[in-house]
> 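Here you go, one structure.
Counting starts at 1 for both ligands and their atoms, in listed order. As a basis for the values below, the full set of heavy atoms in this structure was taken, side chains included, without hydrogen atoms, waters or symmetry mates.
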Amino acid sequence: MALNADQGERLGTARLRGVLGLHRGYSAVTAKGRAFRVVGATAGVREVLEIADVHDLLTGGGGNPTGRSRVGNGMQAIQVSQPGGPEVLRPARVPAPEPGPGQVLVDLAAAGVNFVEIYQREGRYPMPLPFTPGNEGAGVVSAAGPGVEGVRPGDRVASVDLEGSYAAQALVAADRVVTIPDGIETETAAAVMLQGMTAHYLLKDVYAVKPGDTILVHAAAGGMGLLLTQLAVKLGARVIGTVSTQAKERLAREAGAAEVIRYTEADVVKQVRRLTGGAGVAAVYDAVGKDTFDASLECLRVRGTLALYGAASGVVPPFDPMRLQHAGSVVLTRPTLRHFVLDAAQLRGRAEDVFAWVADGSLKVRVHERYPLAEAARAHDDLKARRTTGKLLLIP
Ligand SMILES: NC(=O)c1ccc[n+]([C@@H]2O[C@H](COP(=O)([O-])OP(=O)(O)OC[C@H]3O[C@@H](n4cnc5c(N)ncnc54)[C@H](OP(=O)(O)O)[C@@H]3O)[C@@H](O)[C@H]2O)c1
């Protein structure tokens, strides 16, 4: 039911008067325990409120079992208004989103921090401004839009396609969420989904690792590196890892790396040739980019594969394709996860494998730190400065 302002004010709270200038979608509970939601345009318009039964907003038509999502003074999120350093990641209160057709709203327990958000924040991957970074996260579905089937409020889900997961809540298309199996904690799902599925497609599809292969994994103690190392070993490969410090070397060995090279000190090509009897490796998994690319090419065996899947040290400059012939008719690819989870079946298939490996203990998920959402800038700073080992999570 829509009310005019006089009727609204008969609810008798200063707080209610306070919302009359607010945006569409704002919702709150009055001091008398009545829930309301702004349903119309607000500028100069007094008929803006829809009164709903509190119970209805919390559990019924709006379907909100947690009571967090649609009731309250907007939501907490990180906003970027201009490209720049970590300081442009500013905590803000923004309108709580409402699910449209085919969408669900997720109350996030944790959001995953990924290197791509550094590229976006810096403006290397341009974004429409302002924006809330982040696509990875896990939590509980708190509302479903029209036409949603198969996902319901109350479901525990994870996704890598959330619309701004550095927030308390985020929208996502219902066919881009995966149900978290019993026995896997919500935070673990947020920590492993994107990087786990990336390791899955890199090792099973980009170059399908075979028992007995020797492969090279750069930054082997990073979020990606620890997962790649464990899974490659599980698939029967011998892993040579590269890292920058002694502490990282220990972690890479614990993850299963047979050999570890400190690439900040040693000659990687020479060491890899020595460790492979001169032959080179079947595949190199390189997301360091600019600083490692030349060595990666030289470490390959004849007809080996270089999976260049990131650019933590910077982007590889243009190069002459003849170099691929000189390196031994090698294959170079620059893959990205979204092309390997194109439809719901691919997405769920990969995620289910990853969750199953976590559940049976064959894939250990190392969380470097859980940062309060408001400290997203510190998380970015740590990741960029090579201070981290494993996954970074933001907790709203
Ligand atoms: N293509 C895809 O589908 C996909 C998906 C997920 C992630 N990625 C990529 O995977 C890479 C790793 O992501 P992550 O989140 O797991 O990060 P991470 O590996 O935990 O952190 C990056 C690591 O790279 C190494 N590194 C070497 N030179 C560096 C430099 N100049 N600046 C920063 N780091 C440097 C550091 O390890 P050391 O100190 O041991 O050198 C650092 O800890 C990123 O490039 C990301 O874009 C790609």
> Considering only heavy atoms, which of Arg366, Arg387, Met224 lies nearest to atom 16 (O) of ligand 1?
Met224

> Applying a 4.0 Å heavy-atom criterion (strictly less than), which segment of Leu194 is in contact with ligand 1: side chain, backbone, both, or neither?
side chain

> Mark the output for Gly225 as yes if a heavy-atom distance to ligand 1 is under 4.0 Å, and as no if none is.
no

> Please check whether Val116 reaches ligand 1 - meaning an N/O of the residue sits under 3.5 Å from an N/O of the ligand, judged on distance alone.
no

> Is it true that the side chains of Glu117 and Tyr166 contain a donor and an acceptor less than 3.5 Å apart?
yes

> For ligand 1, is any non-hydrogen atom under 4.0 Å from His218's backbone (N, CA, C, O), its side chain (CB onward), both, or neither?
neither

> Does ligand 1 have an atom under 4.0 Å from some heavy atom of Phe340?
no

> Which value, rounded to the nearest 0.5 Å, describes the distance between Thr229 atom OG1 and Arg253 atom CZ?
11.5 Å

> Can an N or O of Asn114 be found at a distance shorter than 3.5 Å from an N or O of ligand 1?
no

> Considering heavy atoms of the protein only, find what lies nearest to atom 23 (C) of ligand 1 and give residue, atom and distance to 0.1 Å.
Ala219 CB, 4.0 Å

> To which protein heavy atom is atom 40 (O) of ligand 1 closest, and what is the distance rounded to 0.1 Å?
Ser244 N, 3.1 Å

> Any idea which part of Leu337 is under 4.0 Å from ligand 1, heavy-atom wise: side chain, backbone, both or neither?
both

> So which protein heavy atom does atom 26 (N) of ligand 1 come closest to, and at what separation?
Arg386 NE, 3.7 Å

> Starting from atom 48 (C) of ligand 1, what is the nearest protein heavy atom, named by residue and atom, and what distance separates them?
Tyr309 O, 2.9 Å

> Please check if any side-chain donor atom of Thr292 sits under 3.5 Å from a side-chain acceptor atom of His218, or the reverse.
no

> For Ala312 and ligand 1, does the shortest N/O to N/O distance drop below 3.5 Å?
yes

> Students should be able to answer this: which protein heavy-atom is nearest to atom 41 (O) of ligand 1, and at what distance?
Tyr263 OH, 2.4 Å

> Tell me, which protein residue and heavy-atom name are nearest atom 11 (C) of ligand 1, and how many Å apart are they?
Ala287 CB, 3.3 Å

> Side chain or backbone of Pro335 under 4.0 Å from ligand 1, or both, or neither, by non-hydrogen atoms?
backbone

> Holding to ring pair (Phe, Tyr, Trp, His ring centres under 6.0 Å), I want the full list of residues that pass it with Phe131, two or more places apart in sequence or in another chain.
none

> Which protein non-hydrogen atom lies closest to atom 37 (O) of ligand 1, naming both residue and atom, and how far is it?
Lys248 NZ, 3.5 Å

> Identify each donor-acceptor pair in which a side-chain atom of residues 332-345 lies under 3.5 Å from a protein atom, sequence neighbours left out, and give them as a table.
residue: Asp343; atom: OD1; partner: Ala345; partner atom: N; Å: 3.2
residue: Asp343; atom: OD1; partner: Gln346; partner atom: N; Å: 2.8

> Under a 3.5 Å threshold, yes or no: a donor from one side chain and an acceptor from the other, between Ser329 and Arg303?
no

> Could you give me the CA-CA distance, side-chain angles and deciding distance for Asp205 and Arg350, then say whether salt bridge (Lys or Arg N to Asp or Glu O under 4.0 Å) is met?
CA-CA 11 Å; Asp205 296 291; Arg350 288 194 202 281; 2.7 Å; yes

> Are Glu254 and Lys364 ion-paired here, with the side-chain N under 4.0 Å from a carboxylate O?
no

> With heavy atoms of Lys384 as the reference, note each atom of ligand 1 found under 4.0 Å away.
32 (N), 33 (C)

> Does the side chain of Asp382 come under 3.5 Å of the side chain of Thr388 through a donor N or O and an acceptor N or O?
no

> In this structure, does ligand 1 have an atom that sits under 4.0 Å from one of the heavy atoms of Ala311?
yes

> Evaluate whether atom CD of Glu185 has more than 12 neighbouring non-hydrogen atoms of other residues, nucleotides or ligands under 6.0 angstrom away.
no

> Under a 4.0 angstrom heavy-atom cut-off, which atoms of ligand 1 come close to Gly310?
45 (O)

> Answer with yes or no whether the hydrophobic clustering places Val331 together with Leu297; edges join I, L, V, M, F, W, Y residues whose side-chain heavy atoms lie under 4.5 Å apart.
no

> Under a 4.0 angstrom heavy-atom cut-off, which atoms of ligand 1 come close to Gly222?
18 (P), 19 (O), 20 (O)

> Using a strict cut-off of 4.0 Å, indicate which atoms of ligand 1 neighbour a heavy atom of Val288.
27 (C), 28 (N)

> State, without any angle test, whether Gln103 and Glu163 hold a side-chain donor-acceptor pair at a distance under 3.5 Å.
yes

> Nearest protein heavy-atom contact for atom 44 (C) of ligand 1: which residue, which atom, what distance?
Phe115 CB, 3.5 Å

> Near Tyr201, which atoms of ligand 1 are under 4.0 Å from a heavy atom of that residue?
1 (N), 2 (C), 3 (O)

> So, Arg90 and Ser81: side-chain donor and acceptor under 3.5 Å apart, yes or no?
no

> For Tyr207 and Tyr285, I'd like to know if the aromatic rings sit close, meaning centre-to-centre distance below 6.0 Å.
no

